[in-house]
Amino acid sequence: MDISFVNKVSTPCYVIDKQLLVKNLEILKRVREEAGCKILLAQKAFSMYSVYPLIMQYLDGTAASGLYEAMLGREEAGGGEVHVYSPAFKKSDMEKLVKICDHIVFNTPGQFKMYKDMIENCGRHISCGIRVNPEYSETEPEIYNPCAQGSRLGTTCANINHDDLQGIEGLHFHTMCEQGEDVLERTLPHFESRFGKYLSGLKWVNFGGGHHITRDDYNVDALIELIKSFRKRYGVDVYLEPGEAVALNAGFLVCEVLDTMKNGMDIAIVDTSAACHMPDVLEMPYRPNIVGSGKPGEKEFTFRLGGSTCLAGDIIGDYSFDAPLKQGDRLTFCDMAIYTTVKNNTFNGMPLPSIYLKDGEEIKLIKSFTYKNFKARL
Ligand SMILES: *Cc1c(COP(=O)(O)O)cnc(C)c1O
């Protein structure tokens, strides 16, 4: 891989690669066209709105987790549909949401009832849905499983009836995370056996996110067939709202080695941080790839990479290299477009990484951050 761009940026920074993004978007567009479904960008995974005009050439709109993301989608995603779902809405937020949303998905029939009058009297048509819990998910660990015992995410079939659906146009479920088409195929029968009886009067079903459609081994053809057959069976529109799949493997985090030391092993301290700039490395947890590195012991020189914060556990992982790391070396972490810029923080007063867009040979600075951004939030 050509990573000559790493010498043209100031670190730490995220570099989003336009061509890699387009590669994903082409796949999603094919699903939309061949399956006859709609696909939204789940902004919670990736909200770099400078590329929304590009994304909206391929997708139908945006999905929001609350008021601010809905506003961003309305402002920046051209005329794309604006959908919002939240476990519960505040009244003051709903007053603004009814002015900008096309779909509002409620977590319970009770939330819908609370806002039904406001929606009916807002002067525009809003398509309302209920998030249901099909009580089947293959997602692990528990913290990511929306169908775990006692989950607050979505209403179970025991807690909904026909009367609850007066004024409702669709159902929504979101039970997947980084999964293949096979998981959706095993999930749909659970959704259908519990909620299929309600679909005859409805307009749409939203299959949520977590579909890893743009991963190399994803069975895109099977997904297309599955959606086509579902649409045919029930006569409803189908929506998908992937976040990860839109920008999967489409970005990098470039950092610089600040120092090296030894403590029973070789350690390198970098000008980024797992805790601040790639929190999922600690939360999921997972081990991001670094261009040109190997697993510990695979190449001659193994280093533990740690962030420059005070957190003892701010460790990105152990990696091996062909040459010993030294101060000034640049390291490029892969798959850093998703769940990074949207989740980063300034713990320890760590600077926020700049954001660049790479378009072929050209590399453009989109955003950089200063002390003012740190101070403004506190
Ligand atoms: C997280 C989430 C998504 C996006 O999930 P990805 O795993 O990023 O595809 C979509 N819809 C809902 C309701 C979500 O909570």
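For the single chain, residues carry numbers from 1 onward in sequence order. In listed order, ligands and their atoms are each counted from 1.
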Asker: Is a salt bridge present between R74 and D102, judged by a nitrogen-to-oxygen distance below 4.0 Å?
Answerer: yes
Asker: Between F89 and F106, is the ring centre distance below 6.0 Å?
Answerer: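 Under 6.0 Å, so yes.
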Asker: Taking only residues two or more places apart in sequence, or in another chain, which ones meet A77 in a side chain to side chain contact (heavy atoms under 4.5 Å, CB included)?
Answerer: Y52, M56, T62
Asker: Strictly under 4.0 angstrom, heavy-atom based: which residues surround ligand 1?
Answerer: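 Ligand 1 pocket, heavy atoms under 4.0 Å: A42, K44, A45, R131, H172, H174, G209, G210, E241, P242, G243, E244, Y339.
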Asker: In terms of side-chain geometry, is the basic nitrogen of E135 or R194 positioned less than 4.0 Å from the acidic oxygen of its partner?
Answerer: yes
Asker: So does R215 pair up with E178, basic N to acidic O under 4.0 Å?
Answerer: no
Asker: Would E244 and H212 satisfy side chain to side chain donor-acceptor pair (under 3.5 Å), going step by step from the backbone distance to the final call?
Answerer: CA-CA 7 Å; E244 288 219 2; H212 240 196; 2.7 Å; yes
